[in-house]
Protein chains: 2
Amino acid sequence: MPRRENISMSVIRRLPRYYRFLTHLKDKGVTRISSTELSVKLGLTASQIRQDLNCFGGFGQQGYGYIVDQLCDEIGNILGLSSRYKTILIGAGNLGRAIASHMQFEDEGFDLIGIFDSSPSKTGTRINGHIVIDTTELENFCEKEKPVMAILCIPREGVQSIIERLYGMGVRNFWNFSHYDISMRYEDTVVENVHLNDSLMTLCYRISNPNDK
Amino acid sequence: MPRRENISMSVIRRLPRYYRFLTHLKDKGVTRISSTELSVKLGLTASQIRQDLNCFGGFGQQGYGYIVDQLCDEIGNILGLSSRYKTILIGAGNLGRAIASHMQFEDEGFDLIGIFDSSPSKTGTRINGHIVIDTTELENFCEKEKPVMAILCIPREGVQSIIERLYGMGVRNFWNFSHYDISMRYEDTVVENVHLNDSLMTLCYRISNPNDK
DNA sequence: TCTATTGTGTTAAATATATAACTATTATCT
DNA sequence: AGATAATAGTTATATATTTAACACAATAGA
């Protein structure tokens, strides 16, 4: 039975890692694993793993460990991976196209139902089965299809206005690849930023300053 | 004068954000800014910003604030953005191609000097001015060019062996897009993971559990 | 030039997170 | 079936991180 009282972001961000590794174990045919074994493989402490899992309930058996298959399913459920969230992608540039083609959205609860771009050189072209639609069609499309999630792969300048249009059409969740930091005045939205440049700068810092952890 | 004694990862990960925003301000012609103003724009507390900056020295003036231009440069220096790190990219699939075309590596201290792939359908093709080289040529290439950084855009299975080959050739820094969690036995390496699927799963969790923060 | 105000740098307190210690349950072995 | 070992769940401690408070320097205005 889940407890779920104010789970911290630190815990949530480790769940996909557990899920990924457990899936891998399952594929390898491993049926049971202890928190200690997990901790070694993942480079964490056993304490942390046990505590993370216990935020959601006791999935293990004392003296035995965790059943890989079962734990994997449990975490999948916690993450909500069996949900179906209608998703659109805005921006069919290099990155947008790669995201659309590369990601297995379905496995993570999302269904890509439309790709948009405002450049005439892109609209009408085909990406992974989807025909790129002109961004002027956004409102019409949303009214009909009611997407709940938008992936933003557009330049900084365009973001604020697109967000407002999408919010107006009921979209509340954003996976943001733009350089723009979406600071939502709205309370009911979820934003996950992926700032590749920030990641690269962090890497640059760490290379340049090998002393720091 | 920098102090730099064991800067925490939390601080380091905020630096690119500051840098990005200050660059933006600079472009807009803003010349000075206070920690309070910054905190409002970035959605952080002024205390945090002041403390972050003071890890590296006092860049502001009491009663006045920070000079945008100067602070921006300082943070750029701290991040080491003027470094030149020879970089190669492994894996010319959807994601690899997008990363190679989309990123402004030069602005972040990296020079992309080669792209590799093991599939004959990719080798010889051109990506953003680079001809894709067969991965069998990796050792020859490294011996000559001495890259220090590798971007990994290959499937999980290939990662461990590629890392070992690269490590053998002196590459110590990795920007990893694969689903594989690089757990380095080696002490002198820097790994920055970008797990897009994890990010998406986190998003899925947050949509499915709107109560949590 | 003096004074009030602003706003940094710094120290202290509060909160969050991670680790360690402990308890109790289950499995395994004899 | 009973004893022992293994290991989850839980509580307590330690550490890290964030926020708040404050003292002091510089600015700007009268």
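Residue numbers start from 1 in every chain, and the chains themselves are labelled A, B, ... in the order their sequence lines are given, proteins ahead of strands.
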Within the 3.5 Å criterion, strictly below it, is a donor on A:E74 or A:Q70 matched to an acceptor on the partner's side chain? no
Can you measure A:N6 atom CG to C:dT15 atom P for me and round it to whole angstrom units? 14 Å
Taking B:R50 as the fixed residue, which of B:S35, B:S39, B:S34 is the one that meets the side chain to side chain donor-acceptor pair (under 3.5 Å) rule? B:S35
Spacing between B:I49 atom CD1 and D:dA20 atom P, to the nearest angstrom: 13 Å
Separation of D:dT18 C1' from B:I7 CD1 (nearest whole Å): 16 Å
For C:dA16 and A:S8 - does any side-chain N or O of the residue sit under 4.0 Å from the phosphate oxygens OP1/OP2? no
When we call it a touch if two heavy atoms are under 4.0 Å apart, what does B:S47 touch: a base, just sugar-phosphate, or nothing? base
Protein-nucleotide distance (A:R50, atom CZ; D:dA6, atom C1'), rounded to Å: 11 Å
Nearest to side-chain heavy atoms of B:S34, which nucleotide of C:dT8, D:dA8, D:dT18: C:dT8
Just how far, in rounded Å, is P of C:dG9 from CZ of B:F59? 9 Å
Would you check if the side chain of B:H24 reaches a backbone N or O of B:Y19 as a donor-acceptor pair within less than 3.5 Å? no
Give the table of side-chain donor-acceptor pairs shorter than 3.5 Å for residues 78-97 of chain A, with sequence neighbours excluded, one pair per line with atom names and distance.
from: A:S83; atom 1: OG; to: A:G80; atom 2: O; distance (Å): 2.4
from: A:R84; atom 1: NE; to: A:D111; atom 2: OD2; distance (Å): 3.1
from: A:R84; atom 1: NH1; to: A:E106; atom 2: O; distance (Å): 3.4
from: A:R84; atom 1: NH2; to: A:E106; atom 2: O; distance (Å): 3.1
from: A:R84; atom 1: NH2; to: A:F110; atom 2: O; distance (Å): 3.4
from: A:R84; atom 1: NH2; to: A:D111; atom 2: OD1; distance (Å): 3.1
from: A:Y85; atom 1: OH; to: B:S208; atom 2: OG; distance (Å): 2.9
from: A:K86; atom 1: NZ; to: A:E145; atom 2: O; distance (Å): 3.2
from: A:T87; atom 1: OG1; to: A:Y85; atom 2: O; distance (Å): 2.9
from: A:R97; atom 1: NH1; to: A:A92; atom 2: O; distance (Å): 3.2

On DNA chain D, compare the nucleotides closest to A:L53 and B:T45; which residue's is nearer the 5' end? A:L53
Is the distance from OP1 or OP2 of D:dA8 to the nearest side-chain N or O of A:N54 less than 4.0 Å? no
Nearest-Å distance, CG (B:L38) to P (C:dG7)? 12 Å
Return the polar atom pairs (N/O with N/O) between nucleotides 26-29 of chain D and the protein under 3.5 Å, or none.
from: D:dA26; atom 1: O4'; to: B:Q62; atom 2: O; distance (Å): 3.2

Please determine if a side-chain N or O atom of B:R14 lies less than 4.0 Å away from the OP1 or OP2 oxygen of D:dT18. yes
Rounded to whole Å, CD1 of A:I12 lies from C1' of C:dA16 at a distance of 14 Å
Donor-acceptor contact below 3.5 Å, side chain A:D52 vs main chain A:V11: no
Quick one: sort the A:W175 and A:F177 rings into parallel, tilted or perpendicular, breaks at 30° and 60°. perpendicular
Measure from NZ or CZ of A:R32 to the centre of the six-membered ring of A:Y66 and say whether it is under 6.0 Å with the direction within 45° of the ring axis. no
Less than 4.0 angstrom between a side-chain N/O of B:S10 and OP1 or OP2 of D:dT17, yes or no? yes
Ignoring backbone atoms, test whether A:Y66 places a side-chain nitrogen or oxygen under 4.0 Å from the OP1 or OP2 oxygen of D:dG9. yes
Rounding to an integer number of Å, can you tell me how far A:D52 CG sits from D:dT10 P? 14 Å
Please state whether the base of C:dT11 and the side chain of B:Q51 form at least one donor-acceptor pair under 3.5 Å? yes
